[in-house]
Undergrad: 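This is the structure I want to talk about, given as structure tokens.
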Amino acid sequence: MNSMLRENSLSEKVIVVTGGGTGLGRSMSEMFSLLGASVVITSRKKEVLEKTAAEISSLTKNKVLPVVCDVRSYDEVEKMLQRTISEFGKVTSLLNNAAGNFVMPTERLSAKAFDTVVDIVLKGTYNCSLAFGKHWIENKQAANMLNIITTYAFTGSGFVAPSAAAKGGVLALTRSLAAEWAKYNIRTNAIAPGPFPTEGAWSRLFPEPLQKIIDPLQRIPFKRVGTHEELANLASYLLSDFSSYINGEVVVIDGGEWLYNAGQFNSFEKIPNEAWDIWEQMRKK
Ligand code: HXC
Ligand code: NAP
């Protein structure tokens, strides 16, 4: 990946990335590490974390610490925070990226299935935000939080109702803490990505049989998905001091997808030029 920021732009940062062992969390962790940050990657799977940490470290020559932590447990989050501080002496930034999701008609879900997704996404985010926030406030330390949401946090979406409800909650939490904790020099922002292929998301949201019926590319005016480099550069900027006056913002990075599908007349692009010619001639007549 190519970085838009200069080398060592994040060298003063100690960044915790939840769900940092795979997918977008892994790519963002790699970019932060390339830019000189000390990075802590956390999730439930020890082997995955250890492998990712070793691979990123060998590429960037910067320390990446793997720490097992289920974000649904406040105790585990507190332990992960303490482990980070004992290793690096401080923590400056939190990236709430861990998530769980699957597609299913809502009426087919059990209450436990609903809990599972909401607990990872919303409870996981507020557990981490609360533990880290308390630490920063107590230590009078300036800090930065970044939450990964989705564009259906704005619109809602059928077939992923638990995720939509939880991401909507994370959006409200982002704006609430941005307003409340600015006085402590803690910034809180969010990124709402459109489709960025990862094994975790694609296997659960666009499994092969569904791909035959639904092509996510058709929803995107650029007719392409996002690249991990594009997202990782945005995240690096929002966690860097270059964005120090940005607080409470949600940056959409989706190639225009959600607006394209919201604008009532955008589908008129399917009308060919010849048809517009005929329409103009009729109008002039
Ligand atoms: C319906 C399901 C289900 C499915 C699980 N459940 N998968 N229900 N459809 N596909 C139900 C189970 O039957 C069970 O309920 C309950 O959910 C808990 O299931 P477990 O397998 O025990 O949960 P757990 O082991 O904690 O795993 C959590 C998980 C799993 C969310 C189900 O998929 C996971 O670990 N995901 C992590 C990674 C992930 O999801 N990444 C994608 C993020 S993508 P019962 O009642 O039967 O016991 C994303 C992108 C958004 O967010 C936007 C894209 C454009
Ligand atoms: P992913 O690779 O499946 O990432 C999800 C991560 O969350 C995994 O590393 C997983 O690791 C971790 N996780 C799940 N449950 C956890 C728990 N209880 N405690 C701690 N960690 C947990 O999927 P992704 O596509 O990269 O998604 C990353 C983020 O981007 C998510 O917030 C997702 O909603 C968002 N997003 C993705 C897309 C996309 O197109 N890919 C679009 C919009 C938003 P373990 O299983 O080891 O715990």
Side-chain angles (χ1 to χ4, degrees), residues 16-30 40-53 66-74 76-77 80 95-125 127-128 146-157 159-168 170-171 190-207 210 214 216-217 219-220 225-228 230-232 234-235 250-255 257-258 261:
V16 170
V17 181
T18 69
T22 64
L24 302 180
R26 178 189 166 125
S27 297
M28 290 186 279
S29 299
E30 183 180 315
V40 180
I41 56 173
T42 79
S43 82
R44 296 164 299 176
K45 299 193 188 95
K46 189 166 182 272
E47 302 73 40
V48 174
L49 290 172
E50 284 174 349
K51 186 166 179 284
T52 298
V67 180
V68 173
C69 169
D70 187 328
V71 291
R72 291 173 288 192
S73 155
Y74 192 77
E76 287 189 35
V77 168
M80 176 267 284
L95 174 54
N96 283 305
N97 164 79
N101 202 357
F102 38 72
V103 276
M104 191 54 72
T106 306
E107 68 275 16
R108 290 176 183 247
L109 295 177
S110 66
K112 188 175 162 205
F114 222 109
D115 283 346
T116 300
V117 171
V118 174
D119 282 354
I120 300 171
V121 175
L122 180 55
K123 188 175 185 181
T125 301
N127 276 346
C128 292
L146 183 60
N147 298 328
I148 305 298
I149 60 168
T150 60
T151 52
Y152 58 63
F154 316 140
T155 59
S157 175
F159 303 93
V160 285
S163 171
K167 294 285 192 182
V170 175
L171 171 59
I191 295 177
F196 285 74
T198 63
E199 168 62 26
W202 255 236
S203 63
R204 290 175 177 91
L205 303 178
F206 305 111
L210 293 190
I214 289 153
L217 284 189
R219 296 178 37 81
I220 309 166
V225 291
T227 67
H228 288 211
E230 288 169 325
L231 180 74
L234 175 60
V250 182
V251 184
V252 174
I253 176 165
D254 73 343
E257 183 200 27
W258 86 274
N261 291 283

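For the single chain, residues carry numbers from 1 onward in sequence order. All ligand and atom numbering here is 1-based and tracks the order in the structure. When reading the values below, keep in mind they use all heavy atoms of this one structure, side chains included, and skip hydrogens, waters and symmetry mates. Predicted model, so just to flag it, every value in this text is computed and none were measured.
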Undergrad: What residue and atom, counting heavy atoms only, is the protein's closest point to atom 28 (C) of ligand 1, and at what distance?
TA: Thr116 CG2, 3.6 Å
Undergrad: Is Trp202 close to ligand 2, meaning an N/O of one under 3.5 Å from an N/O of the other?
TA: no
Undergrad: In ligand 2, which numbered atoms sit nearer than 4.0 Å to a non-hydrogen atom of Lys167?
TA: 31 (C), 32 (O), 33 (C), 34 (O)
Undergrad: Return the closest protein heavy atom for atom 54 (C) of ligand 1 as residue, atom name and distance.
TA: Leu205 CD1, 3.6 Å
Undergrad: Note the single closest protein heavy atom to atom 37 (C) of ligand 1, along with its residue, its atom name and the distance in Å.
TA: Ala99 O, 3.4 Å
Undergrad: Thr18: heavy atom below 4.0 Å from ligand 2, yes or no?
TA: no
Undergrad: Could you check whether any heavy atom of Glu257 sits closer than 4.0 Å to an atom of ligand 1, since that is the contact criterion I want to use?
TA: no
Undergrad: Can you tell me which residue and heavy atom of the protein come closest to atom 12 (C) of ligand 1, and the distance to 0.1 Å?
TA: Ala113 CB, 4.8 Å
Undergrad: Quick one: look up the protein heavy atom nearest atom 35 (O) of ligand 1 and list residue, atom name and how far away it is.
TA: Arg44 NH2, 2.7 Å
Undergrad: Kindly confirm or rule out an N or O of Ile149 lying under 3.5 angstrom from an N or O of ligand 2.
TA: no
Undergrad: Give the numbers and elements of all ligand 1 atoms closer than 4.0 Å to a heavy atom of Arg72.
TA: 26 (O)
Undergrad: Starting from atom 32 (C) of ligand 1, find the nearest protein heavy-atom neighbour and note its residue, name and distance.
TA: Phe102 CE2, 3.7 Å
Undergrad: What about Leu24: any of its N or O atoms under 3.5 Å from an N or O on ligand 2?
TA: yes
Undergrad: So for Pro195, does at least one of its heavy atoms come nearer than 4.0 angstrom to any atom of ligand 2?
TA: yes
Undergrad: Can you tell me if Leu49 contacts ligand 2 (heavy atom of the residue under 4.0 Å from the ligand)?
TA: no
Undergrad: So is Phe196 in contact with ligand 1, going by heavy-atom distances below 4.0 Å?
TA: no
Undergrad: Tell me: protein heavy atom nearest atom 42 (C) of ligand 1, and distance?
TA: Gly200 O, 3.7 Å
Undergrad: Does atom 3 (C) of ligand 1 have a protein heavy-atom neighbour under 4.0 Å away?
TA: yes
Undergrad: Within the supplied structure, the quantity of interest is the number of heavy atoms (other residues, nucleotides, ligands) at a distance under 6.0 Å from Phe159 CZ; does it exceed 12?
TA: no
Undergrad: Which of the atoms of ligand 1 are close to Thr150, meaning less than 4.0 Å from one of its heavy atoms?
TA: 51 (C), 53 (C)
Undergrad: Compute the shortest N/O to N/O distance between Ser43 and ligand 2 and return yes if it is under 3.5 Å, no if not.
TA: yes
Undergrad: Quick test of your reading of the structure: of Tyr152, Phe206, Phe196, whose heavy atom lies closest to atom 41 (N) of ligand 2?
TA: Phe196
Undergrad: Regarding atom 33 (O) of ligand 1: of the candidates Glu199, Arg204, Arg219, Met104, which has the closest heavy atom?
TA: Arg204
Undergrad: Please tell me if the side chains of Pro216 and Val225 come closer than 4.5 Å, counting only heavy atoms from C-beta onward.
TA: no
Undergrad: How far is atom 4 (O) of ligand 2 from its nearest protein heavy atom, and which residue and atom is that?
TA: Thr22 OG1, 3.5 Å
Undergrad: Within ligand 2, which atoms have a heavy atom of Cys69 less than 4.0 Å away?
TA: 19 (N), 20 (C)
Undergrad: Which residue owns the protein heavy atom closest to atom 44 (S) of ligand 1, what's the atom, and how far is it?
TA: Ala201 CB, 3.6 Å
Undergrad: Measuring from the heavy atoms of Val48, does anything fall under 4.0 Å of ligand 2?
TA: no
Undergrad: Look at atom 35 (C) of ligand 2 and say which protein heavy atom is nearest, naming residue and atom and giving the distance to 0.1 Å.
TA: Ile148 CG2, 3.6 Å
Undergrad: Show which atoms of ligand 2 fall inside a sub-4.0 Å distance from at least one heavy-atom site of Ala201.
TA: 25 (O), 41 (N)
Undergrad: Ligand 2 versus Ser163, non-hydrogen atoms closer than 4.0 Å: side chain, backbone, both, neither?
TA: neither
Undergrad: Could you say whether the N/O atoms of Asp70 and ligand 2 ever approach to under 3.5 Å?
TA: yes
Undergrad: Say you draw a straight line from CG of Asn127 to CD of Glu76; how long is it, rounded to the nearest 0.5 Å?
TA: 10.0 Å
Undergrad: Which of the listed options, Ala99, Ala98, Gly124, Gly100, holds the heavy atom that is closest to atom 14 (C) of ligand 2?
TA: Ala99
Undergrad: Would you mind running through ligand 2 and noting each atom that sits below 4.0 Å from a heavy atom of Ile120?
TA: 15 (N), 16 (C), 18 (N)
Undergrad: What I want to know is whether Val71 and ligand 2 share at least one N or O pair that is separated by under 3.5 angstrom.
TA: yes
Undergrad: Closer than 4.0 angstrom: is that true for some heavy atom of Gly194 and an atom of ligand 2?
TA: yes
Undergrad: Tell me if a side-chain donor or acceptor on Asn97 pairs with a main-chain N or O of Thr18 at a distance below 3.5 Å.
TA: yes
Undergrad: So, 4.0 Å and heavy atoms of Arg26: is ligand 2 close enough to count as a contact?
TA: no
Undergrad: At the 4.0 Å heavy-atom cut-off, does Ser27 count as touching ligand 2?
TA: no
Undergrad: Decide whether the shortest distance between a heavy atom of Arg108 and an atom of ligand 1 is less than 4.0 Å.
TA: no
Undergrad: Return a yes/no value for Thr42: is any of its N or O atoms, backbone included, closer than 3.5 angstrom to an N or O of ligand 2?
TA: no
Undergrad: Any idea which of Val225, Asn101, Asp70 brings a heavy atom closest to atom 49 (C) of ligand 1?
TA: Asn101
